[in-house]
Amino acid sequence: PINVIDLKTEKLLPEVHDIIELVAENDVILDTCHISKKECMILIPEARRAGCRKILINHIHLRGITDRAFDPAVDQMLEESAWTIEEVKQMVKEGAVMEHSAAMYVGRRNETKSLAEFIKEVGANSCEIASNCGGMHLLHPVETMRYLIIDLLKNGISEAEIETMTKRVPARLLNLD
């Protein structure tokens with residue numbers, strides 16, 4: 001794996017500061033991709049101080065929602081990377097948007113209920129939903145989004161909140177608003 005921090009000092013690597021500067025200068029999205037929660041919590045405040053306005057935390061694993069998998073090694077990794085609601089709120093205060101991958105929730109209705117509760121607590125304006133279905137062996141992205149949206153509507157998320165997470169937030173991140 002590629003790290004953005006020195007694992008001994010827990011400081012950002014020098015080249016990461018260069019990247020943050022480029023992101024801020026060009027007003028583009030700083031996407032955390034697959035870095036660890038620990039790295040996100042170090043990177044994001046530094047990025048905000050450097051002037052990054054658009055920060056996306058994706059593949060977020062929420063404690064108690066998406067913290068189960070098919071094998072014990074993955075379960076352990078997910079437990080270590082799972083975010084608490086307090087940690088999420090801290091990153092939202094720093095201006096981060098939480099991306100939820102629809103593919104993670106297909107066929108997991110109990111988890112979708114917990115996701116709906118999370119959205120209500122954090123706010124739709126701080127969340128974005130993407131299909132994450134670019135692979136050949138996954139459902140079609142449109143179908144995946146449809147399944148999640150239907151489940152979220154059944155769990156009390158309004159059409160306006162869905163529109164915020166699927167249209168308005170992405171448009172804001174892409175300077176299309």
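Everything numeric here is computed off the predicted structure, so don't read it as measured data.
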Could you pull out all donor-acceptor pairs under 3.5 Å where a side-chain atom in residues 122-134 meets a protein atom, sequence neighbours excluded?
{"unit_1": "Asn125", "atom_1": "OD1", "unit_2": "Arg172", "atom_2": "NH1", "d": "3.1"}
{"unit_1": "Ser131", "atom_1": "OG", "unit_2": "Cys133", "atom_2": "N", "d": "3.2"}

Sub-3.5 Å donor-acceptor pair from the side chain of [X] to the main-chain atoms of [Y], do we have one?
{"X": "Asp31", "Y": "Cys33", "value": "yes"}
{"X": "Ser36", "Y": "Glu39", "value": "yes"}
{"X": "Thr84", "Y": "Glu87", "value": "yes"}

Where is the tightest heavy-atom contact between [X] and [Y], given as atom of each residue plus distance?
{"X": "Val23", "Y": "Cys52", "result": "CG1-SG, 3.7 Å"}
{"X": "Ala102", "Y": "Met145", "result": "CB-SD, 3.9 Å"}
{"X": "Tyr147", "Y": "Val106", "result": "CD1-CG1, 4.4 Å"}
{"X": "Thr164", "Y": "Pro170", "result": "O-CD, 4.0 Å"}

More than 12 heavy atoms from other groups under 6.0 Å of NZ on Lys120: yes
Taking side chain as C-beta onward, heavy atoms only, is [X] less than 4.5 Å from [Y]?
{"X": "Ile55", "Y": "Glu94", "result": "no"}
{"X": "Leu115", "Y": "Tyr105", "result": "yes"}
{"X": "Ile157", "Y": "Met165", "result": "yes"}
{"X": "Trp83", "Y": "Met41", "result": "yes"}

Hydrophobic cluster identity match, [X] and [Y], side-chain contacts under 4.5 Å:
{"X": "Leu139", "Y": "Ile149", "result": "no"}
{"X": "Phe118", "Y": "Leu148", "result": "yes"}
{"X": "Met91", "Y": "Val4", "result": "yes"}
{"X": "Leu176", "Y": "Leu173", "result": "yes"}
{"X": "Leu30", "Y": "Ile35", "result": "yes"}

Hey, could you give me the [atom1]/[atom2] distance between [X] and [Y], rounded to the nearest 0.5 Å?
{"X": "Thr112", "Y": "Met104", "atom1": "OG1", "atom2": "CE", "answer": "10.5 Å"}
{"X": "Ile44", "Y": "Leu56", "atom1": "CD1", "atom2": "CG", "answer": "9.0 Å"}
{"X": "His100", "Y": "Ile57", "atom1": "NE2", "atom2": "CD1", "answer": "10.0 Å"}

Charged N-O contact under 4.0 Å between [X] and [Y]:
{"X": "Glu46", "Y": "Arg49", "value": "yes"}
{"X": "Arg146", "Y": "Glu143", "value": "yes"}
{"X": "Lys54", "Y": "Asp27", "value": "yes"}

side-chain contact (heavy atoms from CB on, under 4.5 Å) between Val92 and Met98, intermediate numbers included: CA-CA 8 Å; Val92 166; Met98 303 295 141; 4.0 Å; yes
Hey, can you pull the donor-acceptor pairs under 3.5 Å for the side chains in residues 8-22, sequence neighbours left out?
{"unit_1": "Thr9", "atom_1": "OG1", "unit_2": "Lys11", "atom_2": "N", "d": "3.3"}
{"unit_1": "Glu10", "atom_1": "OE2", "unit_2": "Lys38", "atom_2": "NZ", "d": "2.3"}

Worked check of side-chain contact (heavy atoms from CB on, under 4.5 Å) between Glu121 and Lys89: CA-CA 9 Å; Glu121 187 156 352; Lys89 285 181 176 181; 2.9 Å; yes
Step-by-step side-chain contact (heavy atoms from CB on, under 4.5 Å) determination, Asn175 to Arg53: CA-CA 11 Å; Asn175 292 330; Arg53 295 184 324 110; 3.8 Å; yes
